[in-house]
Amino acid sequence: MSFMDKLRRFMQDRNGMDKLNFFLIIAYMLMNGIGYMFLRSWRYRYILSGVPYNSISVTGIIGMVLRTIGFALLIYAIFRFFSRNLNKRFYEEDRFLGFIDKIRRKEHKPRSGEDVSTYREVKYRPERKSGEFKKRIKLRWKYRKTHRFRTCPGCSEFLRLSKKRGKRNITCPKCGKQFTVHITL
């Protein structure tokens, strides 16, 4: 058994990398870098001024706090990466993505005299109820042998399709949009 097989077996029922973990690692790097700059300026100031190095200043405390917060974010990202509680990790990521969608939805208001048609339309996924994700996972597991699942590109509705191979024209029952789906085994 090769190393990659052992690694695959170890990571089989674990969360792995997702968008929230990626965000946490980026936040860790930013906090650590900014904290390092605060600590570095604090150290050099005291070395050049001749004041004893072990005295405390606001800059040093800010640097230490930022680096501690960054380290805590890294520990949480590693915990999430190796976690086996997939439902809870998916729920956390779903809430994070919902928060990001709320931030992105705040539209830019055009200035007076500015052409509104220059702004591109951005489609966002609709907000979901918290228990809906668990229901989708259970449905996927229950019908995994007889059906395939796709989302509607118009309204992001979760659709269950029979397991017939090939291209099929589908009409969404919620929004009525027609689209083509290619189903393979």
Side-chain angles (χ1 to χ4, degrees), residues 4-30 73-185:
M4 289 306 292
D5 290 335
K6 289 179 184 177
L7 185 62
R8 277 190 205 104
R9 179 176 272 176
F10 175 73
M11 290 298 294
Q12 189 170 9
D13 293 328
R14 299 184 190 273
N15 188 38
M17 194 67 171
D18 58 6
K19 290 181 181 180
L20 178 55
N21 275 0
F22 185 74
F23 173 79
L24 290 172
I25 290 173
I26 296 296
Y28 155 73
M29 289 192 290
L30 287 174
L73 291 176
L74 180 66
I75 296 284
Y76 184 59
I78 292 171
F79 165 74
R80 282 183 43 79
F81 186 83
F82 291 112
S83 174
R84 286 189 170 181
N85 191 350
L86 297 179
N87 286 337
K88 196 163 190 175
R89 302 295 87 83
F90 287 151
Y91 177 72
E92 289 170 357
E93 185 185 20
D94 203 34
R95 292 208 37 198
F96 169 73
L97 293 176
F99 175 72
I100 295 298
D101 281 350
K102 283 181 185 176
I103 292 173
R104 286 183 180 169
R105 254 188 242 128
K106 292 184 179 177
E107 296 180 10
H108 169 72
K109 294 181 181 176
R111 297 181 194 114
S112 60
E114 197 173 19
D115 186 18
V116 181
S117 64
T118 58
Y119 295 106
R120 61 185 174 93
E121 290 184 25
V122 181
K123 292 184 179 178
Y124 299 102
R125 69 186 174 116
E127 290 196 29
R128 300 185 189 277
K129 297 174 186 170
S130 62
E132 189 175 329
F133 184 78
K134 291 179 184 179
K135 288 179 187 176
R136 282 188 281 151
I137 295 294
K138 287 179 182 177
L139 277 175
R140 276 195 139 159
W141 183 254
K142 183 177 179 181
Y143 296 108
R144 71 188 183 279
K145 294 181 181 177
T146 58
H147 292 80
R148 291 291 177 244
F149 298 89
R150 300 291 185 265
T151 55
C152 173
C155 63
S156 299
E157 181 67 19
F158 190 64
L159 304 174
R160 182 178 71 195
L161 309 172
S162 62
K163 198 175 179 180
K164 294 179 185 174
R165 295 171 112 188
K167 284 188 179 180
R168 296 168 49 191
N169 292 322
I170 308 294
T171 303
C172 177
K174 186 175 181 183
C175 68
K177 180 170 179 146
Q178 293 185 345
F179 57 98
T180 305
V181 175
H182 185 74
I183 297 180
T184 58
L185 293 179

Identify the two heavy atoms, one from [X] and one from [Y], that lie closest to each other, and give their separation to 0.1 Å.
X    : Y    : answer
C172 : C175 : SG-N, 3.5 Å
T171 : Q178 : OG1-CG, 3.4 Å
R14  : L86  : C-CD2, 3.7 Å
R148 : K163 : NH2-CE, 3.1 Å
S83  : R89  : OG-NH1, 2.7 Å

Please enumerate all residues that pass ring-ring contact (aromatic ring centres under 6.0 Å, His included) together with [X], with sequence neighbours excluded.
X    : result
F81  : none
F23  : F96
F179 : none
F149 : F158

Who pairs with [X] by side-chain hydrogen bond (donor to acceptor under 3.5 Å, both in side chains), at least two apart in sequence or on another chain?
X    : answer
T146 : none
R84  : none
R80  : D18, N21, E92
N169 : T180

How long is the span from the [atom1] atom in [X] to the [atom2] atom in [Y], to the nearest 0.5 Å?
X    : Y    : atom1 : atom2 : result
I25  : I78  : CD1   : CD1   : 7.5 Å
N15  : N85  : CG    : CG    : 9.5 Å
I183 : H147 : CD1   : NE2   : 10.0 Å
Y28  : I75  : OH    : CD1   : 9.5 Å

Discussion item. Under the rule for side chain to side chain contact (heavy atoms under 4.5 Å, CB included), what residues qualify as partners of L30, not counting sequence neighbours?
Written reply: I26
Item to complete: Identify, with sequence neighbours excluded, every residue that meets side chain to side chain contact (heavy atoms under 4.5 Å, CB included) alongside K164.
Response: S162, R168
Worksheet item: Going by heavy atoms in the side chains, are L159 and P173 under 4.5 Å from each other?
Response: yes
Worksheet item: Heavy atoms, side chains only, cut-off 4.5 Å: are K177 and C155 in contact?
Response: no
Worksheet entry | Residue pairs involving residues 19-29 (criterion salt bridge (Lys or Arg N to Asp or Glu O under 4.0 Å); sequence neighbours excluded) | none
Item to complete: Apply salt bridge (Lys or Arg N to Asp or Glu O under 4.0 Å) to R8 and list each qualifying residue two or more places apart in sequence or on a separate chain.
Response: D5
